[in-house]
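Letters A, B, ... are given to chains in the order of the sequence lines, protein chains preceding strands, and every chain is numbered from 1. All values reported here derive from a predicted model rather than from experimental measurement.
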Protein chains: 2
Amino acid sequence: MPYPAKTSPDDILAAALTLLETGGPQELTMRSLAAALGLRASSLYRHYTSREVLEAALATEGTQRLHLALETAAAQQPPAEAIRNVADAYLHFAREHPALYDLMHAAGPPKLATPGPAKDLWNLLLGLVGTVTGRADDTAGAVAFWAFLHGYRGLERDGLFGLSGPQQGLARGLTALTLGLALDDRA
Amino acid sequence: MPYPAKTSPDDILAAALTLLETGGPQELTMRSLAAALGLRASSLYRHYTSREVLEAALATEGTQRLHLALETAAAQQPPAEAIRNVADAYLHFAREHPALYDLMHAAGPPKLATPGPAKDLWNLLLGLVGTVTGRADDTAGAVAFWAFLHGYRGLERDGLFGLSGPQQGLARGLTALTLGLALDDRA
DNA sequence: GTCTATAACCCGATAGAC
DNA sequence: GTCTATCGGGTTATAGAC
């Protein structure tokens with residue numbers, strides 16, 4: 001055959017992930033991605049109709065991986081340990097895949113309502129917080145917990161902890177938040 | 001005079017702020033900025049040597065404005081009200097100036113150690129949290145409080161609260177965090 | 001200090017041959 | 001399915017005239 005297949009959607013996705021982690025978001029262009037796969041940019045459009053579609057696929061893949069990591073971290077652990085393990089796993093994921101984590105939040109609003117990786121992730125957080133606060137559907141508590149993790153990661157990524165480090169801000173915030181969520185009995 | 005001054009660093013900064021808020025970060029280019037001022041892109045380089053320098057100036061300006069807004073919100077208020085007012089003012093600022101807020105965090109790490117707007121902002125948060133926890137330099141507590149606000153804003157901006165809204169996640173997180181920080185007596 | 005002109009790069013995406 | 005060639009657009013930044 002004159003033009004045998006050199007790649008596939010999965011290959012492209014994998015190469016894009018590697019490129020994203022090694023060179024950051026600036027390096028993820030259709031040209032450099034094609035080069036990493038040994039082909040031309042125009043060939044990619046046979047597998048992903050646009051860059052936007054490719055980024056959406058990346059975001060979905062990232063959300064799935066994060067969900068899996070958190071699930072593993074929480075497995076077979078009592079509530080207090082599960083919370084800490086999940087927080088550590090969350091931050092570890094964001095540190096290891098900073099550009100992917102950013103992309104997950106930049107590429108459109110992941111629908112928490114409709115079934116999919118984003119909803120799975122949300123349900124995990126909801127259940128986790130529920131085991132600590134004793135409420136079945138503690139939406140507000142899960143939002144607070146997620147906001148804290150997401151924000152801590154943002155500050156850390158922006159280098160705001162400089163040389164002095166976060167000074168136990170993570171541990172203290174986590175303890176305070178779980179303690180406060182369990183005690184607070186607002187409606 | 002053949003070429004009278006049409007602009008100044010302050011004019012440019014003001015126009016850049018307007019452009020940033022109306023059109024988002026994509027619209028803030030040297031070309032469009034110059035066009036908004038009625039001149040050519042190359043003329044801007046007499047006032048700001050590069051786009052990077054201009055963005056740094058924007059970030060500094062934004063940090064000053066945020067600091068001022070928080071200072072006003074906290075003034076003459078008992079601790080509990082001050083915390084809530086500051087949180088509201090913080091989120092209000094981020095909602096009103098989303099692109100500027102992003103730029104403040106994207107344009108290099110603001111040094112919290114060296115004197116400047118960023119340190120002023122940090123000191124305000126540190127003092128505010130101190131009035132609630134009763135500790136003089138509660139670095140960890142301030143980090144936790146800031147992380148929560150920053151993270152809540154990020155989730156809100158990414159549209160993760162969809163139609164159902166944050167479900168009191170802000171109020172509950174704030175209450176839980178302040179309660180927990182005041183009660184927790186970890187070192 | 002502003003102008004014109006241009007250098008030197010980058011990007012996503014498409015047409016049509018094979 | 002991949003290729004070459006190219007369209008059409010964008011950007012920061014500089015050189016030199018006035």
query: Hey, mind stepping through A:T133 and A:D138 against side-chain hydrogen bond (donor to acceptor under 3.5 Å, both in side chains) and telling me if it holds?
result: CA-CA 8 Å; A:T133 65; A:D138 192 355; 3.1 Å; yes
- prompt: Would you say a side-chain N or O of B:S43 is under 4.0 Å from OP1 or OP2 of C:dG1?
  reply: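 For B:S43, the contact criterion (side-chain N or O under 4.0 Å from OP1 or OP2 of C:dG1) is not met.
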Please state how far atom [atom1] in [X] lies from atom [atom2] in [N], giving the value in whole angstrom units.
X: B:R46; N: D:dA13; atom1: CZ; atom2: C1'; result: 13 Å
X: A:Y45; N: C:dG16; atom1: OH; atom2: P; result: 18 Å
X: A:R51; N: D:dG9; atom1: CZ; atom2: P; result: 20 Å
X: B:R40; N: C:dT2; atom1: CZ; atom2: C1'; result: 10 Å
X: A:L37; N: D:dT2; atom1: CG; atom2: P; result: 10 Å
X: A:L39; N: D:dG1; atom1: CG; atom2: P; result: 12 Å
X: B:D11; N: C:dG1; atom1: CG; atom2: C1'; result: 14 Å
X: A:E52; N: C:dG12; atom1: CD; atom2: P; result: 12 Å

message: Nearest to the B:K6 side chain among C:dG1, C:dA13, C:dC3, which nucleotide is it?
response: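 Among the listed nucleotides, the one closest to the side chain of B:K6 is C:dC3.
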Residue pairs, two or more places apart or on separate chains, that pass salt bridge (Lys or Arg N to Asp or Glu O under 4.0 Å) and touch residues 108-125 of chain B: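 Every pair satisfying salt bridge (Lys or Arg N to Asp or Glu O under 4.0 Å) with a residue in residues 108-125 of chain B: there are none.
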message: With a 4.0 Å cut-off on N to O distance, would you call B:D102 and B:R153 a salt bridge?
response: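 Between B:R153 and B:D102 there is a salt bridge, with a charged N closer than 4.0 Å to a carboxylate O.
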- prompt: Can you list, by residue number, the residues of residues 53-60 of chain A that have a non-hydrogen atom closer than 4.0 angstrom to DNA chain D?
  reply: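 DNA chain D contact set from residues 53-60 of chain A: none.
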query: Do any of residues 25-35 of chain B sit with a heavy atom less than 4.0 Å from DNA chain D, and if so which?
result: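 Heavy-atom contacts with DNA chain D come from B:T29, B:M30, B:R31.
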task: Output yes when a side-chain donor or acceptor of B:S32 lies under 3.5 Å from a complementary backbone atom of B:E27, and no otherwise.
output: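 Indeed, once roles are kept as given, a pair shorter than 3.5 Å links the two residues.
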query: How many angstroms lie between OH in A:Y152 and CG in A:L155, if you round to the nearest 0.5 Å?
result: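 A:Y152 atom OH to A:L155 atom CG measures 8.5 Å (nearest 0.5 Å).
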query: How many angstroms lie between atom CG of A:L177 and atom CZ of B:F148, to the nearest 0.5 angstrom?
result: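 Between atom CG of A:L177 and atom CZ of B:F148 there are 7.5 Å.
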Distance-only donor-acceptor test (3.5 Å): side chain B:S42, base C:dT4: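 Check passes, donor-acceptor contact within cut-off.
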Parallel, tilted or perpendicular, as decided by the 30° and 60° cut-offs, for the rings of A:H150 and A:H105: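 Ring orientation, 0 to 90° scale: parallel.
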task: Kindly give the heavy-atom pair with the smallest separation between A:L174 and A:F145, and that separation in Å.
output: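 Scanning both residues, the minimum pair turns out to be CD1-CE1, 3.7 Å.
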task: Determine whether A:L68 and A:M104 fall in the same hydrophobic cluster, where Ile, Leu, Val, Met, Phe, Trp and Tyr are linked whenever their side-chain heavy atoms lie under 4.5 Å apart.
output: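 In one cluster with A:L68: A:M104, no.
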